[in-house]
Amino acid sequence: MKASTLLLSGAIFLGLVACDTARQQTETASQTIAENTAPGGLSSMEKNGIRLTPFNDSPKYPESQMRLKSPISGNTLASGAVAFDYDLTNFQLTKMTGGVHAEHMANSQQGQHIHNIVDNEPYTAHYTTEFTKNIPDGQHVVLSFLSRSYHESLKHRGAYDLRLINVGSAPVTPLGADLAAPHMFYSRPKDTYSGNDTKKVMLDFYLVNTTLAPEGNKVRATINGTEFVLDQWLPYMMEGLPAGQNTVKLELVDTNGTVIPGPFNSVTRTFTLQP
């Protein structure tokens, strides 16, 4: 066989191998994308057996509005139980939220409610527009927002209220919280999950005066020591968590990965799964 024929045959063979390799790589890449694409075209992330999937297909309530009538921002209140009074429009407390997520996430049997968070401590859930809550003496930041029955927050401007209050007659020590600055508040997960509720656990947080973007601020979520960087303000579904105590650390960070100054922009919580 002539050398030129051998060279031609070799080139054809190498070309076929290259094409087949490229085809296999394309197929593998396509499979990876398919496996990591959540409903709605959102991408999930998986590390160390933990899958984190954003979702945006919950029932929408764009017309829902909440107004906190009292306590008035900046007022000094008597020690002890603080009375809260809200006006709500286009949102029904105690109603069960529809949609697929009500079937496979921890869902309050009392229905939709208000989350009330004082100084980024664990929230209290309230199913009426008037209630009292014991708050220690001092200056406090109070965040309130509307919540679906499975504890996912409504994130539009009219669905929340942020204000500063003073409790007790003693001199107030300022928190150093600038309410016009970027803030992140922790919401879920919380307490103990059991049975089917352990399979998919929602991660949800609340942002004020900022948003998230691939080229902007982000939330760094460290789940049982595994780090994920979130560039969308959405709820996330956590899967693959072990039984027992789990830990979530959330940090609001800038484009350099530095925690943005603020009293609540780095928080660590634990919760428990009981299969």
Side-chain angles (χ1 to χ4, degrees), residues 38 42-45 47 50-58 60-61 66 97 101 105-106 108 112-125 141-163 177-179 181-191 193 200-214 216-239 241 246-255 257-271:
L42 300 172
S43 296
S44 63
M45 299 166 280
K47 296 180 184 178
I50 300 173
R51 180 183 288 267
L52 198 61
T53 305
F55 61 94
N56 61 4
D57 54 348
S58 293
K60 306 294 190 293
Y61 300 98
M66 180 187 71
T97 307
H101 299 299
M105 287 198 300
S108 171
Q112 297 176 162
H113 51 279
I114 297 168
H115 279 203
N116 180 287
I117 298 175
V118 178
D119 301 334
N120 209 23
E121 292 297 315
Y123 71 81
T124 53
V141 173
V142 180
L143 172 70
S144 308
F145 57 82
L146 299 176
S147 171
R148 297 171 175 86
S149 61
Y150 43 85
H151 306 285
E152 181 195 340
S153 58
L154 272 62
K155 297 176 173 62
H156 60 273
R157 178 61 189 91
Y160 80 92
D161 179 275
L162 182 68
R163 64 183 57 195
D178 177 5
L179 297 192
H183 293 288
M184 178 193 65
F185 296 85
Y186 184 104
S187 183
R188 299 283 288 186
K190 179 176 181 279
D191 298 333
Y193 299 74
K200 295 183 178 182
V201 179
M202 183 181 65
L203 174 67
D204 200 25
F205 50 88
Y206 216 88
L207 300 177
V208 179
N209 302 322
T210 188
T211 188
L212 307 182
N217 294 342
K218 301 174 182 65
V219 167
R220 184 163 56 221
T222 305
I223 304 168
N224 295 338
T226 298
E227 182 180 300
F228 298 87
V229 177
L230 315 180
D231 60 14
Q232 299 179 86
W233 186 21
L234 291 170
Y236 291 77
M237 198 78 71
M238 296 185 291
E239 298 174 87
L241 301 175
N246 289 262
T247 301
V248 170
K249 181 178 183 180
L250 297 181
E251 300 167 287
L252 180 63
V253 300
D254 61 19
T255 54
T258 303
V259 176
I260 295 172
F264 314 123
N265 291 340
S266 178
V267 57
T268 301
R269 296 281 170 83
T270 61
F271 61 99

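Along the sequence shown, residues are numbered consecutively beginning with 1.
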Please evaluate residues Leu146 and Tyr61 with respect to the criterion side chain to side chain contact (heavy atoms under 4.5 Å, CB included), reporting the C-alpha separation (whole Å), side-chain torsions for both, the decisive distance (0.1 Å), and the verdict.
CA-CA 10 Å; Leu146 299 176; Tyr61 300 98; over 6 Å; no
Worked check of side chain to side chain contact (heavy atoms under 4.5 Å, CB included) between His101 and Asp57:
CA-CA 9 Å; His101 299 299; Asp57 54 348; 2.6 Å; yes
Before you tell me yes or no, could you show the steps for Phe228 and Met238 under side chain to side chain contact (heavy atoms under 4.5 Å, CB included), namely the whole-Å CA-CA distance, both residues' side-chain angles and the distance that decides it to 0.1 Å?
CA-CA 11 Å; Phe228 298 87; Met238 296 185 291; over 6 Å; no
Leu207 and Leu252: side chain to side chain contact (heavy atoms under 4.5 Å, CB included), yes or no, with the steps?
CA-CA 9 Å; Leu207 300 177; Leu252 180 63; 4.3 Å; yes
Pair Asp204-Ser153, side-chain hydrogen bond (donor to acceptor under 3.5 Å, both in side chains): steps then yes or no:
CA-CA 7 Å; Asp204 200 25; Ser153 58; 2.9 Å; yes
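For His151, the ring pair (Phe, Tyr, Trp, His ring centres under 6.0 Å) test picks out His113, His115, with sequence neighbours left out.
Considering all non-hydrogen atoms of both residues, Tyr160 and His156 come closest at CD2-O, 3.9 Å. In terms of heavy atoms, Pro189 sits closest to Val201 at CB-CG1, 3.6 Å. Among all heavy-atom pairs drawn from Asp231 and Pro214, the shortest one is OD2-CG, 3.5 Å. Considering all non-hydrogen atoms of both residues, Asn217 and Thr211 come closest at CB-O, 3.6 Å.
Using a 4.5 Å heavy-atom threshold, the side chains of Pro122 and Arg269 count as touching. By the 4.5 Å heavy-atom criterion applied to side chains, Phe55 and Met202 are counted as neighbours. Considering only heavy atoms from C-beta on, Gln232 comes within 4.5 Å of Leu42 through its side chain. Between Thr222 and Glu227 the shortest side-chain heavy-atom distance falls below 4.5 Å. At a threshold of 4.5 Å between non-hydrogen side-chain atoms, the residues Leu230 and Met45 count as touching.
A donor-acceptor contact shorter than 3.5 Å is absent between the side chain of Thr53 and the backbone of Ser44. Within the 3.5 Å criterion, the main-chain N or O of Leu154 finds a donor-acceptor partner in the side chain of Tyr206. Under a 3.5 Å cut-off, the side chain of Asn265 and the backbone N or O of Glu251 do not form any donor-acceptor pair. Judged purely by atom type and a 3.5 angstrom limit, Lys155 has no side-chain atom pairing as donor or acceptor with the backbone of Leu234. Asn246 places no side-chain N or O within donor-acceptor distance of the main-chain N or O of Ile223, the cut-off being under 3.5 Å. In this structure, Tyr123 contributes its side chain and Asn120 its backbone to no donor-acceptor pair below 3.5 Å. With hydrogens and angles disregarded, a donor-acceptor distance shorter than 3.5 Å links the side chain of Asn224 to the backbone of Thr247. A donor-acceptor pair under 3.5 Å links the side-chain atoms of Ser149 to the main chain of Thr97, judged by distance alone.
To the nearest 0.5 Å, the span separating CD1 on Ile114 from CE on Met66 amounts to 6.5 Å. Considering CG of Asn209 and NE2 of His183, their distance stands at 6.5 Å, rounded to 0.5 Å. In this structure, the separation between OG1 on Thr270 and CG on Asp191 is 9.5 Å, given to the nearest 0.5 Å. Atom CG of Leu203 and atom CE of Met237 lie 11.0 Å apart (nearest 0.5 Å). Here the OH atom belonging to Tyr193 is positioned 3.5 Å from the CZ atom belonging to Arg188, to the nearest 0.5 angstrom. How far OG of Ser266 is from CZ of Arg220: 8.5 Å, rounded to the nearest 0.5 Å.
Partner of Phe185 under the ring pair (Phe, Tyr, Trp, His ring centres under 6.0 Å) criterion, out of Phe205, Phe264, Phe145: Phe264 alone.
When only modelled atom types and interatomic distance are considered, Tyr150 and Ser58 share a side-chain donor-acceptor pair under 3.5 Å.
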